[in-house]
Amino acid sequence: MLKTYDGCILFRFEYKPKKIKTENGKKLDSLFKAGAESKKVKKEPEEKWKWWEEERATDGSKWRFLEHKGPVLAPPYEPLPGHVRFFYDGKPMKLSAAAEEVATFFAKMLDHEYTTKDIFRKNFYKDWRKEMTSEEKSKITDLTKCNFTEMSEYFKAQSEARKQMSKEEKLKIREENERILQEYGFCVMDNHKERIGNFRIEPPGLFRGRGDHPKMGMLKRRIRPEDIIINCSKDSKHPKPPQGTRWKEVRHDNKVTWLVSWTENIQGSIKYIMLNPSSRIKGEKDWQKYETARRLKKCVDRLRAQYRDDWKSKEMRIRQRAVALYFIDKLALRAGNEKEEGETADTVGCCSLRVEHIKLYPKMDDQEYVVEFDFLGKDSIRYYNKMPVEKRVFKNLQLFLENKQPEDDLFDRLNTSILNKHLQELMDGLTAKVFRTYNASITLQQQLKELTSPEESIPAKILSYNRANRAVAILCNHQRAPPKTFEKSMQNLQTKIDEKQKQLSTARKQLKGAKTEHKASHGDGSKKMVEVKRKAVQRLEEQLMNLQMQATDREENKQIALGTSKLNYLDPRISVAWVKKWDVPIEKIYNKTQREKFAWAIDMAEEDYEF
DNA sequence: TTACAGACTTGGGTAAAATTAT
DNA sequence: ATAATTTTACCCAAGTCTGTAA
């Protein structure tokens with residue numbers, strides 16, 4: 001019994017090393033045999049460090065020692081070859097390097113619909129002009145007279161050429177990337193080599209926000225060493241800026257986790273280089289997040305009773321708070337911070353919902369008191385839902401809507417800071433987003449319990465798991481655009497199923513034939529034949545079943561993205577426990593990256609783990 | 001109370017890599 | 001071996017939440 005997070009006692013059970021299966025045991029084996037040292041084989045890592053078995057700092061420091069090589073800067077601009085021309089008003093025109101670079105950004109996007117959008121063009125043109133020489137500025141006065149097609153064709157040809165490169169050339173590039181990864185992709189933090197998440201500085205380009213973004217098309221400028229702040233230990237070997245340049249600053253702040261930061265010019269926000277999710281510093285935080293959610297589990301009944309009670313409060317602000325919290329709890333809405341108007345796309349969360357985002361129906365079909373939600377949430381993903389609510393909630397909503405315009409705030413006496421302050425008083429460490437984590441994880445656990453049947457095959461169990469995962473993704477509104485090749489890929493699968501069905505029916509006929517044969521002859525040979533055919537039928541049945549399950553899974557997943565919930569909302573110990581309970585290979589649930597991120601949970605959770 | 005900087009988590013899309021089909 | 005398809009890694013935007021200062 002050790003390790004307490006937030007006063008929660010955790011039990012760790014004896015670690016039973018299981019035989020580790022690789023996704024493709026055969027391939028790996030053969031690689032090891034066949035003079036593998038050449039390319040693909042990674043060295044078997046020395047005993048993995050189990051950070052989760054170590055003490056954690058209690059003084060707010062994030063590390064004691066930090067050494068790294070700094071960021072990889074964006075490659076400098078390479079001017080276009082002379083034969084690739086830009087045309088203005090039908091005539092070729094040689095651009096200065098600075099103007100040409102920005103023009104190439106636009107040229108590379110020519111095939112995208114957004115280069116036809118007014119805002120995009122306006123923003124681009126405005127920022128492009130800033131890079132022009134005064135002659136260029138006076139000559140180029142109309143974007144519609146600019147012709148970038150030759151540039152665009154050139155880049156298409158380049159990427160085509162890249163695809164056509166010989167094996168050797170491709171290998172060379174891969175090796176170079178690997179070298180850069182080895183040099184810049186790792187750091188040393190407190191005696192351990194850790195993988196860095198994003199060690200490359202973002203290259204310059206045109207900003208493309210998501211949804212209807214007012215800043216789309218603006219120039220994202222090149223980041224120079226002079227813009228970059230380095231964070232590392234005083235007593236470490238400091239990263240060196242490129243010859244002839246200097247960093248903006250080198251600091252030694254161990255109260256933060258980032259290694260490198262710079263300020264981005266579109267929103268003026270700070271960007272960071274941080275560690276990979278498999279690192280101690282990310283893993284501990286992740287673990288802690290789920291422990292907070294588990295503490296919520298213990299008191300959620302009390303909190304629910306409380307907010308239901310608050311629906312009756314004399315004070316408007318308390319009623320609003322209580323209804324908002326109900327939405328956050330029941331519908332897994334995000335908190336909804338207010339945003340500066342005109343700086344970003346117009347999206348909302350719970351606290352920033354406006355009157356225009358909900359509709360009230362006293363009666364709808366056979367239901368009473370239905371609320372219809374329709375708004376754009378994070379990343380401009382649409383949230384649409386109809387939910388019957390309790391009469392009291394409905395009456396409150398009618399009250400909140402009184403005398404308001406569509407663009408007015410639904411919860412005019414509430415914001416995220418008020419809400420979170422309240423939550424903090426109810427439970428230490430409680431904020432709005434904990435509800436999302438809690439409801440996601442508890443839903444997975446409960447759905448797994450409900451959907452898994454002991455006698456099913458492994459593929460059927462995996463379908464059940466994915467369905468449980470899907471229930472969570474739907475709850476959290478994690479949507480994706482259906483893949484461009486979705487229909488085709490479904491068709492392919494169907495063809496396979498049909499084929500398999502044919503094979504099966506012929507196999508069945510053969511079995512029947514073999515049986516009659518055997519009845520007639522009663523010979524040993526014919527008996528064997530019956531067995532052989534029976535086996536074949538069985539195998540085909542199984543294969544057919546698996547294909548059908550794959551098809552079901554894929555179809556159901558058409559517009560649902562499972563990744564985000566799996567990575568950010570579901571306590572991995574629930575999945576690990578499930579896998580151990582039903583003897584499902586963990587690789588079926590988590591890929592390599594995911595197994596690395598959740599190493600702590602895989603090591604820690606046994607089959608009886610309860611969220 | 002608000003505004004804002006800062007730090008960190010969460011998010012969907014896409015290019016590249018890996019795998020499978022031909 | 002090559003092409004088609006699927007999966008993964010990477011990209012970087014967009015949220016949440018905290019702390020501080022006015």
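Using a 4.0 Å heavy-atom cutoff across all strands shown, A/Ala345 reaches no nucleic acid atom at all. A/Gly563 comes within 4.0 angstrom of nothing in the nucleic acid, heavy atoms only. Using a 4.0 Å heavy-atom criterion, one finds that A/Tyr272 contacts the bases of the nucleic acid, with or without backbone contacts as well. At the heavy-atom level, A/Ile381 lies under 4.0 Å from the strands shown only through sugar-phosphate atoms. Heavy atoms of A/Lys220 sit under 4.0 angstrom from primed sugar atoms or phosphate atoms, though from no base atom. Counting non-hydrogen atoms under 4.0 angstrom, A/Gln479 reaches the backbone sugars and phosphates but no base. Using a 4.0 Å heavy-atom criterion, one finds that A/Asn568 contacts the sugar-phosphate atoms exclusively.
Side-chain contact between A/Val260 and A/Tyr272: absent, with no pair of heavy atoms (C-beta onward) separated by less than 4.5 Å. Residues A/Leu66 and A/Cys187 are in side-chain contact: their nearest non-hydrogen atoms beyond the backbone lie under 4.5 Å apart.
Nearest to the side chain of A/Gln267, among C/dC12, C/dA14, C/dG15, sits C/dA14. Of the candidate nucleotides B/dT9, C/dA13, B/dG11, B/dG11 has the atom nearest to the side chain of A/His478. Listed candidates were C/dT6, C/dT16, C/dT18. Nearest to the side chain of A/Asn337 is C/dT16. Between B/dC8, C/dA13, C/dC17, one nucleotide has an atom nearer to the side chain of A/Lys282 than all others, and that is B/dC8.
For the OP1/OP2 pair of C/dG15 and a distance below 4.0 Å, the side-chain nitrogens and oxygens of A/Lys339 include at least one atom meeting the criterion.
Put simply, the side chain of A/Arg210 and the base of C/dA14 share no donor and acceptor less than 3.5 Å apart. In terms of polar N and O atoms assigned as donor or acceptor, the side chain of A/Lys378 comes within less than 3.5 Å of the base of B/dT10 in a complementary pairing.
Note on A/Asp253 versus A/Lys62: no salt bridge recorded, every NZ/NE/NH1/NH2 to OD/OE distance being 4.0 Å or above. Between A/Glu202 and A/Lys271 there is a salt bridge, since a side-chain N of the basic residue sits under 4.0 Å from a carboxylate O of the acidic one.
Take the nearest nucleotide of DNA chain B for A/Ser417 and for A/Asp379: the residue whose nucleotide is more 5' is A/Ser417.
For A/Arg480 (side chain) and A/Lys558 (main-chain N/O), a donor-acceptor pair under 3.5 Å exists by modelled atom type.
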